[in-house]
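Just below is one structure, and these are the notes that go with it.
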Amino acid sequence: MAMIRWMVVVLVALGFVVPASAQTITPDHGGFVLKRPLRFSLLPAPLDGATKPARIYAVELTPSPAEPAAIGIAVQRKRNRMVALPARRIGTVPLPTDLSGDAQPRSSLMLVDAHGSVPLADGLQAELGWQGAKLNNRGANVTALYGRDAIKSRDLFLPMGRLAYDAAPGVTLRADYRETIEAYAGVGLSGALGLTREAFRTLQAGLRPERDSRMRLGSDWMVASDLTLAVDAFDGEIEDRLAFVEDGYLPVNRGSAHVRGLAMRAEHRLTSALSLSARYHMARLRQDRGGNVQEQQLTLEGLWAKGPWRCRVAAAQSSAPALMQDDAGLRLEAGVDYALTGRRPIRVGLHLIDPDQLASSRLMRADASGAARPEDKAQALMLTAALAW
């Protein structure tokens with residue numbers, strides 16, 4: 001059995017070794033695998049449940065009239081790489097020997113999400129779960145050859161929990177807690193870093209993934225069938241805020257802070273197809289490096305949906321981000337999508353993107369753990385298309 005395993009390893013290695021050259025590495029493709037989520041349902045105990053005797057203990061199965069608890073598990077795996085083209089010379093200088101696969105930058109990302117919801121009492125719903133993330137940028141630096149250095153990040157237990165209570169008709173009270181991690185994983189999409197070996201060692205030693213934890217208390221009030229109000233108070237920590245140098249792909253950490261704030265939101269549905277919303281939040285940040293600053297933002301948003309068409313326009317007036325170098329100003333976002341359902345659903349969209357850089361905004365959002373890429377942090381006009389097979 002041991003000999004068979006070694007033979008398989010050798011065959012796999014021979015099948016995937018590609019000659020590489022630092023001068024001929026070009027973006028070629030990225031592999032993406034989204035595994036089908038696994039769905040489980042915990043059914044109530046059978047009506048004929050009875051005590052099962054044992055020598056030391058007994059297990060009692062009690063019938064439960066409550067609805068089944070739903071458990072969802074999803075695993076996502078993504079791998080991107082820069083493929084090296086075979087070459088025998090650099091410019092007019094022939095290479096003495098073939099270069100090995102040392103300079104093949106690639107990144108791999110694995111995300112795990114497991115959560116379950118269960119009713120605890122009349123009007124009280126609970127949700128518990130955890131997330132896990134593992135990111136590995138192998139050979140991110142290609143300027144210095146013959147190295148297998150990697151920028152790695154991993155945290156396989158990031159808990160989350162939520163309670164929702166229907167206190168009165170149209171009034172829901174909420175409490176939730178979550179932790180997330182976001183790490184650099186841009187190799188294969190944004191290009192290699194291209195640092196000297198010494199500079200890459202310095203980056204590798206100092207770069208940290210961004211982590212945040214948040215506790216939030218809130219309530220939703222449906223004033224009328226077409227008007228909803230919400231208020232939230234939140235408290236949390238942001239550690240090693242992750243950003244990128246201006247007009248570059250180099251990741252940097254901007255510091256940490258304790259964040260405490262208040263958010264209010266109002267949504268009004270004018271027609272069956274058109275709705276307007278307004279959101280305002282303010283937060284105080286106590287930075288680890290010293291000093292207290294404030295962040296605030298006012299956002300107005302309009303949504304229109306009819307048939308296969310979806311349109312969104314949003315404008316936000318924000319203060320200067322506390323842990324970023326951006327200035328205060330007006331952000332504009334817009335998008336139009338065409339989603340046609342059928343045997344092969346198709347979606348095409350055009351979006352103007354202007355990411356929100358406020359640390360307090362990230363704490364309020366329900367972002368899952370994942371990768372931070374330079375193209376996701378910059379203004380962009382993006383054309384998207386998706387076809388389900």
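Values reported hereafter were calculated over all heavy atoms of this structure, with side chains retained and with hydrogens, waters and symmetry mates removed.
The two residues Thr172 and Asp166 have their closest heavy-atom pair at OG1-OD1, 3.3 Å. The nearest pair of heavy atoms linking Tyr184 to Phe244 is CD1-CE2, 3.8 Å. The shortest non-hydrogen separation linking Phe234 to Ala283 is CZ-CB, 4.1 Å. Shown here for Ala257 and Leu285, the closest heavy-atom pair between the two residues is CB-CD2, 4.1 Å. Among all heavy-atom pairs drawn from Leu120 and Ala126, the shortest one is CD1-CB, 3.6 Å. Across every non-hydrogen atom of Ser318 and Gln297, the tightest pair is OG-NE2, 2.7 Å.
In this structure, the side chains of Ser117 and Gln125 come closer than 4.5 Å at one or more pairs of heavy atoms. Counting heavy atoms from C-beta on, the side chains of Leu350 and Leu381 come closer than 4.5 Å. Side chains of Glu333 and Arg331 form a contact here, defined as non-hydrogen atoms less than 4.5 Å apart. Between Leu203 and Leu195 the shortest side-chain heavy-atom distance falls below 4.5 Å. Taking the side chain as every heavy atom from C-beta outward, Ile238 and Glu210 approach each other to under 4.5 Å. Looking at Leu156 and Arg154, their side chains come closer than 4.5 Å, going by heavy atoms from C-beta outward. Side-chain contact check for Val348 versus Thr384: every heavy-atom pair is 4.5 Å or farther apart. With a 4.5 Å cut-off on side-chain heavy atoms, Leu111 and Leu109 count as touching.
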Name the atoms and distances for all side-chain donor-acceptor pairs under 3.5 Å in residues 273-281, with sequence neighbours left out.
residue	atom	partner	partner atom	Å
Tyr280	OH	Gln296	OE1	2.9
His281	NE2	Ser360	OG	3.0

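Here the NZ atom belonging to Lys152 is positioned 9.5 Å from the OG atom belonging to Ser108, to the nearest 0.5 angstrom. Atoms CZ and CE, on Arg265 and Met364 in that order, are 11.0 Å from each other to the nearest 0.5 Å. Separating the CD atom in Gln357 from the CZ atom in Arg241 is a distance of 6.5 Å, to the nearest 0.5 Å. Note that CD of Gln287 and CZ of Arg254 are 12.5 Å apart. Values are rounded to the nearest 0.5 Å. Within the model, atoms CD1 of Ile151 and OG of Ser107 stand 10.5 Å from one another, a figure rounded to the nearest 0.5 Å. Atoms CG and CD, from Asp113 and Gln131 in turn, are 5.0 Å apart once rounded to the nearest 0.5 Å.
Between the side chains of Thr180 and Asp212, at least one donor N or O lies within less than 3.5 Å of an accepting N or O. In this model, no donor atom of one side chain and acceptor atom of the other lie less than 3.5 Å apart for His258 and Asp288. There is no side-chain donor-acceptor pair under 3.5 Å between Thr299 and Glu301.
Listed by chain and residue number, nothing satisfies the side chain to side chain donor-acceptor pair (under 3.5 Å) test with Gln204 (two or more places apart in sequence, or in another chain).
At a threshold of 4.0 Å, the pair Glu182-Lys377 counts as salt-bridged, since one of the basic side-chain nitrogens sits closer than that to a carboxylate oxygen. Classification of Asp176 and Arg216 as a salt-bridged pair holds, one side-chain N sitting under 4.0 Å from a carboxylate O. Using a cut-off of 4.0 Å between Lys/Arg side-chain N and Asp/Glu carboxylate O, Arg214 and Glu237 are scored as not salt-bridged. Taking a cutoff of 4.0 Å between a charged side-chain nitrogen and a carboxylate oxygen, Arg347 and Asp337 qualify as a salt bridge. Taking 4.0 Å as the cut-off between side-chain N and carboxylate O, Asp240 and Arg211 do not count as a salt-bridged pair.
In this structure, the side chain of Asp356 engages the main chain of Leu358 through a donor-acceptor pair within 3.5 Å. A donor-acceptor contact shorter than 3.5 Å is absent between the side chain of Asn141 and the backbone of Phe200.
Linking ILVMFWY side-chain heavy atoms closer than 4.5 Å, directly or via other members, places Trp130 and Met110 in a single hydrophobic cluster. Linking ILVMFWY residues whenever their side-chain heavy atoms come closer than 4.5 Å, directly or via other members, places Leu229 and Val171 in the same cluster. Under a hydrophobic-cluster definition in which Ile, Leu, Val, Met, Phe, Trp and Tyr are linked whenever side-chain heavy atoms come within less than 4.5 Å, directly or via other members, Leu352 and Val336 are assigned to the same cluster. Hydrophobic clustering places Met264 together with Met282 (ILVMFWY residues linked when any side-chain heavy atoms are closer than 4.5 Å, directly or through intermediates). Residues Leu303 and Trp309 are members of separate hydrophobic clusters, defined by side-chain heavy-atom contacts under 4.5 angstrom among Ile, Leu, Val, Met, Phe, Trp and Tyr.
Other residues, nucleotides and ligands contribute only 12 or fewer heavy atoms inside 6.0 Å of the CZ atom of Arg284.
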Show your reasoning for whether side chain to side chain donor-acceptor pair (under 3.5 Å) applies to Thr228 and Glu267. CA-CA 5 Å; Thr228 303; Glu267 182 177 352; 5.7 Å; no
Are Leu207 and Leu242 close enough, and set up right, to give a side chain to side chain contact (heavy atoms under 4.5 Å, CB included), and what steps lead you there? CA-CA 9 Å; Leu207 185 63; Leu242 190 60; 3.9 Å; yes
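For residues 217-227, every residue pair satisfying the side chain to side chain donor-acceptor pair (under 3.5 Å) rule, not counting sequence neighbours, is listed here: Arg174-Asp220.
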